[in-house]
Each structure stands twice: as C-alpha cells, then as structure tokens.
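The structure under discussion appears below in the form of structure tokens.
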Amino acid sequence: MTRPRTLITGGAGFIGSHLCDRFLAEGHEVICMDNLITGNPDNIAHLIGNDDFKFIHHDVTNFIYVAGELDYVLHFASPASPIDYLELPIQTLKVGALGTHKALGLAKSKGSRFLLASTSEVYGDPLTHPQDETYWGNVNPIGVRGVYDEAKRFAESLTMAYHRYHGVETRIVRIFNTYGPRMRKSDGRVVSNFINQALDGDPLTVYGDGSQTRSFQYVDDLIEGIYRLLLSDEAEPVNIGNPDETTILEFAREIKELTDSASEIVFEPLPEDDPKIRQPNIARAKALLDWEPTIERREGIRRTTEYFRSLHTGVTSGD
Ligand code: UDP
C-alpha cells in the first residue's frame, strides 16, 4: 500500500498550513508549494524535517513541475485578505486565473483529484440571505474588490470546464470568513485586527457604522469540511462556513469583553463594495458531507486570542 501524495498550493498560508497538518496526520505525503508573498514560513516551520513533508518555493502562476505521482491537488494559493488583494491586484487575478490553470493542468496530467479553494466572495454583496450555492452573486467586476471575486469566479468556471471537458475529478469549496491561529497579526481582517487591537490597548476600528454582518468559522471546522468534501463525490460547489451571524459592532463589543480590554471602539470609513450581509446556508454540506461546525465563536476566539498572546512574547494578560 503506497501512501497518498498530496500537493497543497498556498500551503504556507493560514488555511494551507492547517491543511498540511491534517493531511500529514491522515498519513499522506504532503508537498507544500508557496511563493511566500502572503504565506509565512513560520506556519510550516514545525514540519521541516518530517520525511513525509516537502516544501517547494514556487509561484504557481508559472508552470508547475512536481516529480512522481500525485493523488490530490488542493489549490489554496491566493492573497485572501482585502488589504492584500487591494495591494496585489494583478497577482490576485493571475493566481486565480493562471495559477488555477496550471494547478488543473497538473491534476489532469497526473490523474489527481483537484480541490479549489473558492470563497463566499463569489456572492459579492448578496441580494439573498443566507447565501446558498444556487445564488449567482452580485459582484462589481470593475470595483477594487472585483480582482479577488472575479478571479475566484473564473477559477470556479475553469474548474468546472476541466471537470466537464477533461473528466478531471474536481471539488469546489466556498469558504466563508474563517479565523484561528496562524492568521497574521497584520492580516487586516476583522478578527485579527480586533483581537490585536484589544490586546495592545489600541482602539478597535469598526468600518462604517458596524451594522454589516459576517458569520465567522473556526479554522478546525473548515479543515474538517474540506477533508470530507475532498473524499466525497460532489463536483458542484459546497459552502463551508458557520451560520452564526453577528454585526461587526456587536463583534467588536464581544472581543472587548472576551479579552477583558479597555480599548475604545472607533468608527472608520467603510471600504468600497464591502458586503452588507453574509451568512452561509450550509444545508448542502450537512446533507452531502454530514458536516456542521462544532466550535462556538467564543471558544474559537479564546483559542485565537491565546495564539496572538503567544506572539506577544513576554506580554501577559492585562499588560
Ligand atoms: N472590518 C472592520 N474593522 C477592521 C477590519 C474589518 O470593521 O479593522 C469590517 C469590514 O469592513 C467588513 C468586516 O469587518 O465589513 C469583515 O472584514 P474582513 O476584512 O475580515 O473580511 P471580508 O468578509 O470583508 O472579506
């Protein structure tokens, strides 16, 4: 019996590195590929020296060469935080388009099963609530945020084309807001911003009036959902997210309370095309994968706060 071999693009990123851990734990040989633009070698430092793990420093918008057989290709490479893709618009478009093409081409040539990391951003600023997989979305193609949304929409389209025309076994996960250890402190997303602002005693920056909603899932729940989807027979997109919805202002108050912080809450301008509401409908994931989130937000925030505290070397609670 040979062990499965799995390529994870973006494997040094927040979600990619958790996938590396999970697939190694499942007995796979894991090849992690990353150009380290937004990925971080610290996320995979603990895996260096593991004989079943290999890191390849490569930009997947260029031809991907991997020697030997590959059972699975998981395509997670992409800037994923709004501040990153606003700063790296061309790279974001390229990795969603050219990078997905290269990764699909590799999966086709090796006969691998392919899984695309897609996103709730394909729904844009949604006109239905909650969002289910049949919704086609409301995306501004020429807005600043469109570089990510359209790249992922194209990536989904290309994935389905490879499935239909080349017979590649494909899976598409639409990932909703996810948080947890290994997010970058300066990631720019609301969870890392609020927790670090609270820990540093800085004001919590609510964009707009804070009435916009998001539904946050803890990373371990996501990884479980991705693993189940990969092993399922489902080629159509599946939402993986936690339907527990909150307004951003309520969330700021919750973070203050959970971190026991005296930080004030301040209001800053709402970024362009910021979706007003977001909540996954996870009926498909429940029915097809027998999956639902298990980690409640307060517990997930506690664990994530522990992680960020551990980065503040020497800083203890209340300092
Ligand atoms: N947000 C905020 N303060 C911050 C960072 C983000 O109020 O310091 C808001 C942002 O405008 C959005 C929500 O929090 O409405 C979630 O933003 P994030 O960047 O985490 O993810 P998004 O779901 O927008 O991709």
Side-chain angles (χ1 to χ4, degrees), residues 13-15 38 76 78-89 92 96 117-126 129-131 135 137-140 143-153 173-219 222 239-256 259 261 263-280 297 300-301 304-305 308:
F14 161 48
I15 294 172
T38 58
F76 278 71
S78 179
S81 169
I83 59 162
D84 289 329
Y85 53 75
L86 298 186
E87 223 171 81
L88 304 165
T92 302
S118 187
T119 168
S120 55
E121 287 282 327
V122 300
Y123 303 124
D125 192 7
H129 196 68
Q131 295 78 54
Y135 180 50
N138 178 36
V139 171
N140 174 3
V144 287
R145 223 174 154 108
V147 296
Y148 183 67
D149 304 7
E150 296 294 7
K152 291 291 188 182
R153 288 167 67 94
V173 56
R174 289 188 179 151
I175 301 171
F176 282 67
N177 293 67
T178 304
Y179 68 94
R182 300 189 195 152
M183 285 187 103
R184 288 168 304 157
K185 183 176 175 183
S186 58
D187 180 272
R189 277 179 282 199
V190 70
V191 178
S192 43
N193 274 8
F194 282 0
I195 293 178
N196 285 292
Q197 288 163 345
L199 292 179
D200 292 341
D202 294 333
L204 272 61
T205 52
V206 169
Y207 300 163
D209 62 6
S211 63
Q212 71 272 33
T213 71
R214 292 295 186 274
S215 309
F216 299 106
Q217 83 177 318
Y218 189 67
V219 63
L222 170 67
N239 288 341
I240 298 287
N242 190 327
D244 187 9
E245 185 181 18
T246 174
T247 69
I248 295 302
L249 182 56
E250 276 165 5
F251 186 55
R253 294 193 181 117
E254 184 177 299
I255 297 284
K256 257 171 66 77
T259 55
S261 167
S263 292
E264 56 173 335
I265 293 175
V266 297
F267 294 87
E268 294 190 355
L270 192 65
E272 191 179 321
D273 293 333
D274 197 282
K276 286 181 261 318
I277 43 174
R278 181 179 291 155
Q279 184 189 35
R297 193 168 66 236
I301 293 296
T304 310
T305 303
F308 283 121

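The structure presented is a predicted model; accordingly, all values stated were derived computationally and were not measured. Just so you know, ligand 1 is whichever comes first in the structure, and atom 1 is the first atom listed for that ligand.
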Between T213 and E245: side-chain donor-acceptor atoms closer than 3.5 Å: yes

Any N/O pair R189/ligand 1 closer than 3.5 Å: no

Proximal ligand 1 atoms for V206, defined as those under 4.0 Å from one of its heavy atoms: 7 (O)

Worked verdict on R253 versus E250 for salt bridge (charged side-chain N to carboxylate O under 4.0 Å, His left out): CA-CA 5 Å; R253 294 193 181 117; E250 276 165 5; over 6 Å; no

Protein residue, atom and distance nearest to atom 15 (O) of ligand 1, heavy-atom basis: D274 OD1, 2.6 Å

Donor-acceptor pair, side chain of Q131 and main chain of Q279, under 3.5 angstrom: yes

Atom 1 (N) of ligand 1 - nearest protein heavy atom and its distance: Y207 CD1, 3.4 Å

Ligand 1-proximal atoms of V191, by part, heavy-atom distance under 4.0 Å: neither

G188 to ligand 1, any heavy atom closer than 4.0 Å: yes

Y179: which of F194, Y218, F14 passes ring pair (Phe, Tyr, Trp, His ring centres under 6.0 Å): Y218

Short side-chain to backbone donor-acceptor contact, D84 and A80, under 3.5 Å: no

E268 touching ligand 1 at heavy-atom level, < 4.0 angstrom: no

Side-chain donor or acceptor of D125 paired with backbone N/O of K276 under 3.5 Å: yes

Top protein contact for atom 21 (O) of ligand 1, by heavy-atom distance: N177 ND2, 3.4 Å

Side-chain (S261) to main-chain (L199) donor-acceptor, under 3.5 angstrom: no

Expected output: side-chain T92 to main-chain P79 donor-acceptor under 3.5 Å: no

Heavy-atom gap F251 to ligand 1 smaller than 4.0 Å: no

Min N/O separation R214 to ligand 1 under 3.5 Å: yes

Heavy-atom proximity to atom 3 (N) of ligand 1, best of V190, N193, T205: T205

Backbone N/O of A117 and side chain of K152: donor-acceptor pair under 3.5 Å: yes

Part of A252 with heavy atoms under 4.0 Å of ligand 1, whether side chain, backbone, both or neither: neither

For P82, atoms of ligand 1 separated by under 4.0 Å from a heavy atom: 19 (O), 25 (O)

Sub-4.5 Å side-chain heavy-atom contact between S120 and R278: yes

Exam field: side chain E272 to backbone G143, donor-acceptor pair closer than 3.5 Å: no

Contact atoms of ligand 1, heavy-atom distance to I248 under 4.0 Å: 7 (O), 13 (C), 14 (O)

Shortest heavy-atom approach to atom 9 (C) of ligand 1 - which of E121, Q212, R278, K276: Q212

4.0 Å heavy-atom contact, M183 with ligand 1: no

Closest approach of any protein heavy atom to atom 25 (O) of ligand 1, naming residue and atom: R145 NH2, 3.0 Å

